[in-house]
Amino acid sequence: MQGGIPICFPQFGNCGSLEQHGFARNKIWTIDDNPPPLHTNDSKGKAYIDLLLKPSEEDLKCWPHWTACGLLSSRWSHPVLSPALTMHADIDLRSCLHVWWSVLYLLCQNSDVLLTDHVLFSFEFRLRVSLSSDGDLTIISRIRNINGKPFNFSFAYHTYLSISDISEVRIEGLETLDYLDNLYQRERFTEQDDAVTFESEVDRVYLSSPNVIAVLDHERKRTFVIRKDGLPDVVVWNPWEKKSKTMVDFGDEEYKQMLCVDGAVIERPIPLRPGEEWTGRVELSVVPSSYCSEPLDSQHRGL
Ligand SMILES: O=P(O)(O)OC[C@H]1O[C@@H](O)[C@H](O)[C@@H](O)[C@@H]1O
C-alpha cells in the first residue's frame, strides 16, 4: 500500500529472505477489546486503539531464524557429521551426500529437539495508535518475545506525509549524519547540506539520528514535527518521476505530493531474548512553520 503508515516488520526493504518490508503490513490485525489504559499523565483528550498481531505458523516458517534450511546448513558443518562424510568419500560423494541429507531431513521431521527450535520461537506485536484532541498522532509498537528462542528484527513506520510540492519541502535534523544510499547499493555517505531537499529520486537510511526531525513545507507554511524514541534511523524516500511510472499502485504524478520520512531501526537490528519487550514510539504533530523554525534547533538533540 502506498500511503498511510505501513509497518515494516520484521524486515526492512529487501535485506532478507522475507517479502519486501516484511509480512506485518500485509496481515489482518485484531483489535484488543480490553486494552490496558493510557498512562495517567498522557491520557488527557486522547482516543486510542490497540491492534494485535500474532504470527501464524506460516509467518514463522518463512522467517529464517529457525528454518529447516538454516538447521540443515548449521548441522552440516557439525564436527560429528563431517568425519562421517569423509569416511564415505571414497565410495561415492554424491550418494553419500544424498544419504546424509535424507538422514538430516528425517531428523528435522521427527526429532523433538529440532522441532522444539521452531515451536518455541514466537512474538506478540501490540500497536497502540492514539490521537489527541489537538491532532497529534502517537503510535507505539511493543514487540515481545513470548517464547524460549531469541530473534532479531528490523522495523520502520513507513510514514507517508502529504505535502504541497516536493520541491518546496526541506527536512531539518539530518544534517551532518551518515546515511546508506539505496540508490548506490547501500553505500555509506555523509550528508553535506544544511537540510535535505529534493530534485530527484531519494532513497536513504540516515543513521543514528536525533529524536526530533522537522519537515518544513514552505508553500503550506506548515511543519511536521516528528518525535521518536527507540528508533535511531530515519528513512527518507521519494520515488520521483521515473520510478513512479513503474509502480502499479502509485499515480505517475503522485510523487509531487508525498514524502516518506520514517522512524526506523535498520542498521542494527534489535535482538530480542525470551521474555524481553522492545518499544518504538513516534509522535507526529503539525504546526505553523513560523511557530517551529526557531525552537527546533534546540529540540533537535533531545525528545
Ligand atoms: O513499494 P513498497 O514496497 O511499499 O516500497 C516503497 C519504497 O519504500 C522505501 O522505504 C524503500 O527504501 C524503497 O526502496 C521502496 O521502493
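As the structure lists them, so they are numbered: ligands from 1, and atoms in each ligand from 1. Each residue takes its place number in the sequence, starting with 1. Values in this document were obtained by computation on a predicted structure and should not be read as measured data.
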Is it true that the side chains of [X] and [Y] contain a donor and an acceptor less than 3.5 Å apart?
X	Y	value
Gln257	Asp165	no
Thr159	Asp262	no
Glu191	Tyr179	no

Can you tell me which residue and heavy atom of the protein come closest to [atom], and the distance to 0.1 Å?
atom	value
atom 9 (C) of ligand 1	His158 NE2, 3.5 Å
atom 6 (C) of ligand 1	Trp237 CH2, 3.5 Å
atom 16 (O) of ligand 1	Lys243 NZ, 2.8 Å
atom 1 (O) of ligand 1	Gln2 NE2, 2.9 Å

So, does Phe250 sit close enough to ligand 1 that a heavy atom of it is under 4.0 Å from the ligand?
no
On a heavy-atom basis, I'd like to know which of Glu201, Met247, Arg25, Arg204 is closest to atom 3 (O) of ligand 1.
Arg25
Would you check if [X] and [Y] make a side-chain contact, meaning some heavy-atom pair closer than 4.5 Å?
X	Y	result
Met258	Pro239	yes
Trp237	Val261	no
Glu267	Arg186	no

Purely on distance, is any nitrogen or oxygen of Asp262 under 3.5 Å from one on ligand 1?
no
Ignoring hydrogens and geometry, is there a side-chain-to-backbone donor-acceptor pair from Asn145 to Lys149 under 3.5 Å?
yes
Numbered atoms of ligand 1 (with element) below 4.0 Å of [X], judged on heavy atoms:
X	result
Val235	10 (O)
Gln20	2 (P), 3 (O), 5 (O), 15 (C)
Asn182	12 (O)
Asp203	11 (C), 12 (O), 13 (C), 14 (O)

What about Leu53 and Ile140, same hydrophobic cluster or not, with Ile/Leu/Val/Met/Phe/Trp/Tyr joined at side-chain heavy-atom distances under 4.5 Å?
no
